[in-house]
Amino acid sequence: MMYSEKVMDHFANPRNVGEIEDADGVGEIGNAKCGDIMKMYLKIDDGIITDAKFKTFGCGAAVATSSMATELIKGKSIDDALKLTNAAVVEALDGLPAVKIHCSVLAEQAVRSALSDYYTRQGIDPLPIVGEIKEPEE
Ligand code: FES
């Protein structure tokens, strides 16, 4: 199995690890099959994601994709963060082996889960905006 230099870098030196005490949205997503869990914390100000941190108990690809996902959404609007796909995360990492693609889905869904929590806290039904949060099934 071959990992790109970017994947190795984000695995060895993950960006934005930790939690945000006063987060505006917290998401958690797991993959029942591999048992990996990803937690995502977002600080949101005026519709802009001003900070993002994560904690991942999982494989190297899960760590690398959550690291890259936080980098990609920081400073972006909620709308842009909602458009973040796992494919975009994989592309930003210069690819992932096929058997590891599902790990990037965990990162995509962790972001959506945190945004869903953000809307719930505002008293807004997140479903029409964020859609259903899906646990990756692979
Ligand atoms: Fe579980 Fe990668 S093997 S997320």
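Residue indices begin at 1 and follow the sequence shown.
Rounding to the nearest 0.5 Å places CZ of Phe11 at 13.0 Å from CG of Leu93. Atoms NE2 and NZ, on His102 and Lys33 in that order, are 9.0 Å from each other to the nearest 0.5 Å. Taking OG of Ser116 as the start and CG of Asp125 as the end, the distance is 8.5 Å to the nearest 0.5 Å. Rounding to the nearest 0.5 Å gives a distance of 8.0 Å between CD1 of Ile44 and CD of Gln122. Lys39 NZ to Ile37 CD1: the interatomic distance, rounded to the nearest 0.5 Å, is 9.5 Å. Rounding to the nearest 0.5 Å places CD1 of Ile73 at 9.5 Å from CG of Leu82.
Between Asp9 and Arg15, the closest side-chain pair of non-hydrogen atoms falls below 4.5 Å. Between Asp22 and Ile20, the closest side-chain pair of non-hydrogen atoms falls below 4.5 Å.
The shortest heavy-atom contact between Met38 and Ala107 is SD-CA, 3.4 Å. Of all heavy-atom pairs between Ser113 and Glu28, the closest is OG-N, 3.1 Å. In terms of heavy atoms, Cys103 sits closest to Ala62 at CB-N, 3.9 Å.
For the side chain to side chain contact (heavy atoms under 4.5 Å, CB included) test, no residue two or more places apart in sequence or in another chain qualifies with Glu91. Partners of Asn86 under the side chain to side chain contact (heavy atoms under 4.5 Å, CB included) rule, at least two apart in sequence or in another chain, are Ile101, Ser104, Val105, Glu108.
Under the 4.0 Å criterion applied to side-chain N and carboxylate O atoms, Asp79 and Lys83 are not assigned as salt-bridge partners.
Tracing side-chain contacts under 4.5 Å through hydrophobic residues (I, L, V, M, F, W, Y), one reaches Ile29 starting from Val90; they form part of the same cluster. Hydrophobic clustering places Val17 together with Met68 (ILVMFWY residues linked when any side-chain heavy atoms are closer than 4.5 Å, directly or through intermediates). A continuous path of Ile, Leu, Val, Met, Phe, Trp and Tyr side chains, each step under 4.5 Å between heavy atoms, connects Leu96 with Met8, placing both in one hydrophobic cluster.
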Output side-chain donor-acceptor pairs under 3.5 Å for residues 47-58, partner residues at least two apart or in another chain, one line each.
residue : atom : partner : partner atom : Å
Thr50   : OG1  : Lys43   : O            : 3.3
Lys55   : NZ   : Glu19   : OE2          : 2.4
Thr56   : OG1  : Ser66   : OG           : 2.9

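Proximity of a side-chain donor or acceptor of Gln109 to a complementary backbone N or O of Ile133 within less than 3.5 Å is not detected. For the pair Asp117 (side chain) and Val26 (backbone), a donor-acceptor distance under 3.5 Å is present. Remark: the backbone N or O of Val130 is paired with a side-chain donor or acceptor of Arg112 at under 3.5 angstrom. Side chain of Ser67 to main chain of Val63: no donor-acceptor pair is present (N/O by atom type, distance under 3.5 Å, no hydrogens or angles).
For the residue pair Thr70 / Asn16, a side-chain donor-acceptor distance below 3.5 Å is found, with atom types taken as modelled.
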List the steps and the verdict of side-chain contact (heavy atoms from CB on, under 4.5 Å) for Val111 and Leu72.
CA-CA 11 Å; Val111 170; Leu72 289 173; over 6 Å; no
Working note: Met40 + Leu42, criterion side-chain contact (heavy atoms from CB on, under 4.5 Å); need CA distance, chi angles, decisive distance, verdict.
CA-CA 7 Å; Met40 183 73 62; Leu42 300 179; 4.3 Å; yes
Pair Leu84, Val89 - check side-chain contact (heavy atoms from CB on, under 4.5 Å), show working.
CA-CA 8 Å; Leu84 180 79; Val89 175; 4.0 Å; yes
Before you tell me yes or no, could you show the steps for Leu106 and Thr65 under side-chain contact (heavy atoms from CB on, under 4.5 Å), namely the whole-Å CA-CA distance, both residues' side-chain angles and the distance that decides it to 0.1 Å?
CA-CA 8 Å; Leu106 214 54; Thr65 53; 5.9 Å; no
